[in-house]
Amino acid sequence: MSTKNSAPIRTAIVIGGGISGPVTAAALHRAGIEARVYEAYPGPAYGIGSNLALAPNGMAALEIVGAADAVRAMATPLSHQRMSVGKKSFDLPGLVDVEPLRLVDRPDLHQVLHDAAVAAGVTFEYNKRLVSVEENSDSVTAVFADGSTATADVLIGADGIRSTVRSLVDPAAPGPTFLRLLGFGAYTECSLDLPPGTMVFAFGKAAYYLYWSMPDGRIAWGANLPSEQYLSLTEARAVPAQEWLRTLRDTFADDEPGRELANNTTAEELQVVGALHIMPPVPHWYRGRMVLTGDAVHAPSNTSGQGASMAIESAIELARCLRDIPDPATAFAAYEALRRPRVEAVAARVARMNNTKAAGPIARKAMGLMMPLMFKAMKPEKMFGHEQRFRIDFDAEVRPAGVNV
Ligand SMILES: Cc1cc2nc3c(=O)[nH]c(=O)nc-3n(C[C@H](O)[C@H](O)[C@H](O)COP(=O)(O)OP(=O)(O)OC[C@H]3O[C@@H](n4cnc5c(N)ncnc54)[C@H](O)[C@@H]3O)c2cc1C
């Protein structure tokens, strides 16, 4: 029997109003739990970030919080993927009969998710930077930098890769690993011979980049610039865009079409993302009445194409667990058992891929020679089927971890 109508967990504090926070709160409301989102920014940070990919599994998860159609309406669908090394390019085998990958600007996705949460009855509070918690036997109190507090049955850390909640759960928790890459994105006017709906992953001479055509004819592209120096989003944005453009033009000077893309991009068009990270496995996903979700606990790096989708799935699975299992620790254990194997399998696949991004000239030549054979032997269903065909049955009851009946 489900405890949906008599859930002892009735209220939740969600720290972070990025991507995971609004989805967690909307799903909790659907589960009958009142959730409030507390965000450190002074308001919805609509203008920040470049694009994110949503995989078919992420789109299916968005159906549960009623946001999928709004995302489809503004996203660019990409159904073909191609890889290029030097002058050679190869079509990547993909899954058949799944929804295309959807590329969306983070600010647009953020707005849709915010609006879906508000429509579900969620309240957002801004200028609320969590600094500490007070833990009691039957509640948890969040303490914010402005001195105010909020109390609820549980507290959910959806506060991103530099999570404060993660260090409150476990002060010894590992932090994100810097990939020694800085991220950039732009939409630019550039005439390339590129079929619509095709995304190209390109291994340039000095750096990796990717590009695709937009429905309006512009080309969208993103670059991963090798960098020994760590630069946060704020630090990277403090460097004038014109300076970054000079660096990008030098980096892609010998690449086709990297050179055209960099040369055609203007300072106004350039989106600076800053350091790219990956989260190593986090030993403790929860403690007491606190639990982690999204990038705070499993950011698989920007190359996975699954970061936002995994965050959305986890948010929804957490709401199911809190709906069906009255004791927070037991609910959190069930959530971790549902999610950890899945997110760590994606992270392992992406770690293998990241190695190829750093390929030197000899390795790149070998890649160019090996690729046609590799793709021929590739079994897309085996590689991506379990990732992209995964669907959450929101109404199915969750049982405590280890209970199968
Ligand atoms: C400003 C920004 C720009 C981004 N741009 C890109 C991009 O261009 N491409 C890409 O692939 N990914 C980008 N990301 C990451 C992407 O949003 C996430 O990888 C993913 O979607 C999972 O989202 P999340 O909600 O778990 O984390 P995030 O989207 O990082 O959201 C976390 C939220 O928590 C808030 N927060 C942090 N600490 C506290 C605190 N102590 N108290 C209260 N609130 C707090 C943050 O302000 C943020 O709004 C960006 C993230 C941010 C914050």
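Since the model is a prediction, treat every value here as computed from it, not as a measurement. In listed order, ligands and their atoms are each counted from 1.
- Across D108, D115, L109, a single residue satisfies side-chain contact (heavy atoms from CB on, under 4.5 Å) together with Q111, and that is D115.
- Ring-plane geometry between W221 and F252 is classed as perpendicular, the angle between the planes exceeding 60 degrees on a 0 to 90 degree scale with a lower cut at 30.
- The side-chain contact (heavy atoms from CB on, under 4.5 Å) check on A311 picks up S20, with sequence neighbours excluded.
- Under 4.0 angstrom from ligand 1, the non-hydrogen atoms of K128 all belong to its backbone.
- Evaluated by nearest non-hydrogen atom to atom 53 (C) of ligand 1, the leading choice among R106, R162, H277 is R106.
- Remark: ligand 1 and D295 share an N or O pair separated by less than 3.5 Å (distance only, no angle test).
- Looking at V291 and V154, their side chains never come closer than 4.5 Å, going by heavy atoms from C-beta outward.
- Stacking of R340 on the aromatic ring of Y335 is not recorded, the 6.0 Å distance cut-off and the 45° axial limit not both being met.
- Here I19 has heavy atoms under 4.0 Å from ligand 1 in both its backbone and its side chain.
- Contacts between V131 and ligand 1 below 4.0 angstrom, taking non-hydrogen atoms only, are absent altogether.
- Contacts of A296 with ligand 1, taken as heavy-atom pairs under 4.0 Å, are absent altogether.
- Atom 45 (C) of ligand 1 has its nearest heavy-atom neighbour, among G222, G160, S20, A40, in A40.
- Among the atoms of T293, none of the N or O lies under 3.5 angstrom from an N or O of ligand 1.
- Taking the ring-ring contact (aromatic ring centres under 6.0 Å, His included) definition, one finds that W212 meets it with nothing, sequence neighbours left out.
- Within the cation-pi definition used here (under 6.0 Å to the ring centroid, within 45° of the axis), R36 does not qualify as a partner of F124.
- In terms of polar-atom proximity, L130 is counted as a contact of ligand 1, with an N or O under 3.5 Å from an N or O of the ligand.
- Put simply, the side chain of M83 does not reach to within 4.5 Å of the side chain of K88, judged on heavy atoms.
- Checking only distances, I15 never comes within under 3.5 Å of ligand 1, N or O to N or O.
- Counting heavy atoms closer than 4.0 Å to ligand 1, residue Y38 contributes backbone atoms (N, CA, C, O) but none from C-beta onward.
- Contacts with ligand 1 closer than 4.0 Å are made by side-chain heavy atoms of V273 only, the backbone lying farther away.
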